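These notes concern the structure reproduced below.
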Amino acid sequence: MTRPHAFTVGPLGEGIPFGIRIGALTLAMLEDADTRQQIDALFVEHGMIVFEDVEQSDEMQLAISSCFGPLKEHPVKAVSRVDSSRLPGVIEIRSRRGQGIVEVDGKQLSHWLPWHFDHCYNDELNRAGVLRSVERVEEGGITGFLDGVALYRMFPEDLRARIEGTEVVYKLSTQYDRLKFGKPARYRMVEPKPIPASFDEQVARMSRAIHPSVWTRASGEKVLHVSAYMAEGLVGNETPEGDALLEAVCQEINRLGGACSYHHKWREGDMVIWDNTRMLHCVSGNDPDEERLMYRTTIAGDYRLGRWETTPVEQNSADAMA
């Protein structure tokens with residue numbers, strides 16, 4: 001697949017129904033408004049872009065990010081920033097040695113994350129995120145992406161009919177032992193993330209957030225958009241029956257995640273953007289003895305379908321470190 005751009009455009013991978021790769025993009029090209037608009041249009045169409053062999057600089061990450069809208073400052077002061085004066089709104093996501101360890105299928109992993117979308121615990125989502133790998137690991141540290149449009153089409157018809165029209169309640173909870181839905185069959189927490197008491201105090205003052213299980217894009221395409229991470233139940237149906245339905249949906253997402261997803265192994269020169277209102281993503285985790293560092297910009301722009309369950313005492317949140 002090629003297009004008449006100064007940069008190159010290719011498929012994400014054989015048989016993958018979403019996403020593209022863009023190559024030969026330079027900082028100078030991004031000064032052109034038409035180029036920026038073309039890249040944004042490709043993003044709207046395909047849902048995610050892997051930028052390959054691009055300059056690994058702060059300026060390039062900000063230039064790529066600005067193609068898709070203004071940056072959104074992270075609302076929690078405790079979340080590590082890269083440098084607020086140099087990179088406004090850019091957060092640091094670090095997998096620290098020996099922290100946040102779970103055991104999945106007999107293997108211990110640091111900073112593993114299930115399928116989710118960012119800011120599910122907030123009434124307002126972000127349009128997208130741009131990730132850059134600063135420090136990589138030899139094995140693991142892979143970021144998976146799953147398209148909600150393809151997911152909706154592939155979902156079993158009976159289960160899709162039961163979940164469509166429902167809404168999910170989410171609550172900020174970053175500890176793995178509190179994962180209620182979509183757990184792997186062999187799963188246990190080994191070492192929790194170190195979280196200060198002040199964080200739990202903030203969470204206690206927050207309202208729960210509500211988002212639709214399925215929503216419709218302006219294109220008319222339906223998106224199945226359920227995060228197992230931080231889900232508490234179905235609105236109006238936090239019952240054993242409702243929980244069983246949501247668990248079935250999350251486990252089906254896990255199953256289909258092996259069939260219609262893309263898993264990115266980070267290389268020098270990569271940057272990746274994904275549509276947070278359309279895509280789910282996950283992290284494979286890595287050897288607990290290794291460390292990994294990512295920089296992420298957050299792009300503002302909400303789909304306006306989320307809401308608070310009650311008026312929050314304190315509108316505060318923290319990221320599900322991707």
Side-chain angles (χ1 to χ4, degrees), residues 12-13 15-19 43-48 113-129 143-171 179-184 208-238 241-264 273-283 301-307 320 322:
L12 192 58
I16 298 174
F18 62 90
F43 177 63
V44 171
E45 179 182 356
H46 296 283
M48 73 169 291
L113 277 176
W115 292 110
H116 67 283
F117 57 92
D118 290 334
H119 294 185
C120 62
Y121 46 80
N122 208 329
D123 66 327
E124 180 182 298
L125 300 185
N126 55 296
R127 183 191 184 197
T143 308
F145 298 93
L146 180 56
D147 179 28
V149 174
L151 190 61
Y152 180 85
R153 293 169 180 165
M154 295 181 68
F155 229 65
E157 187 174 348
D158 60 336
L159 190 55
R160 186 176 65 195
R162 293 173 64 202
I163 197 64
E164 193 161 3
T166 68
E167 297 174 301
V168 181
V169 185
Y170 297 98
K171 179 74 172 179
L179 183 65
K180 186 175 179 181
F181 299 99
K183 289 181 182 178
R208 300 194 301 178
I210 294 172
H211 293 277
S213 303
V214 175
W215 71 281
T216 305
R217 303 178 73 211
S219 61
E221 296 169 301
K222 290 191 174 184
V223 181
L224 198 149
H225 203 233
V226 173
S227 173
Y229 196 39
M230 305 191 193
E232 294 220 319
L234 297 176
V235 174
N237 195 13
E238 292 184 70
E241 293 77 14
D243 287 355
L245 172 57
L246 186 52
E247 172 67 6
V249 168
C250 291
Q251 291 296 347
E252 185 63 19
I253 289 171
N254 289 343
R255 188 184 73 82
L256 289 174
C260 62
S261 59
Y262 166 74
H263 295 265
H264 187 72
I273 183 170
W274 71 98
D275 183 340
N276 187 52
T277 67
R278 170 178 172 175
M279 311 289 296
L280 301 177
H281 61 286
C282 69
V283 185
D302 185 32
Y303 70 162
R304 301 186 183 281
L305 296 175
R307 69 183 191 277

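Throughout, residue positions are numbered sequentially from 1 according to the sequence presented. Model, not experiment: these values are computed from the prediction. Just so you know, these numbers use all the heavy atoms, side chains as well, and skip hydrogens, waters and symmetry mates.
- Applying the ring pair (Phe, Tyr, Trp, His ring centres under 6.0 Å) test to F43 and every residue at least two apart in sequence or in another chain returns F68.
- For residues 246-258, the set of pairs meeting the salt bridge (Lys or Arg N to Asp or Glu O under 4.0 Å) definition, not counting sequence neighbours, comprises E252-R255.
- With respect to the salt-bridge test (charged N to carboxylate O, under 4.0 angstrom), the residues E164 and R160 do not qualify.
- When atom types are taken as modelled, the side chain of Y170 and the backbone of S227 share a donor-acceptor pair closer than 3.5 angstrom.
- In this structure, K171 contributes its side chain and R208 its backbone to no donor-acceptor pair below 3.5 Å.
- For Y262, the ring pair (Phe, Tyr, Trp, His ring centres under 6.0 Å) criterion is met by H264, not counting sequence neighbours.
- In this structure, CZ on F18 lies 12.0 Å from CG on D275, to the nearest 0.5 angstrom.
- With hydrogens and angles ignored, the 3.5 Å screen pairs a side-chain donor or acceptor of H211 with a backbone N or O of C120.
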L146/L256 under side chain to side chain contact (heavy atoms under 4.5 Å, CB included): CA gap, chis, key distance, verdict: CA-CA 9 Å; L146 180 56; L256 289 174; 5.5 Å; no
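- With Q251 contributing its side chain and P184 its backbone, the two residues share no donor-acceptor pair below 3.5 Å.
- In this structure, D123 contributes its side chain and A209 its backbone to no donor-acceptor pair below 3.5 Å.
- Checked by atom type and distance alone, the side chain of N276 never pairs as donor or acceptor with a backbone atom of G129 at under 3.5 Å.
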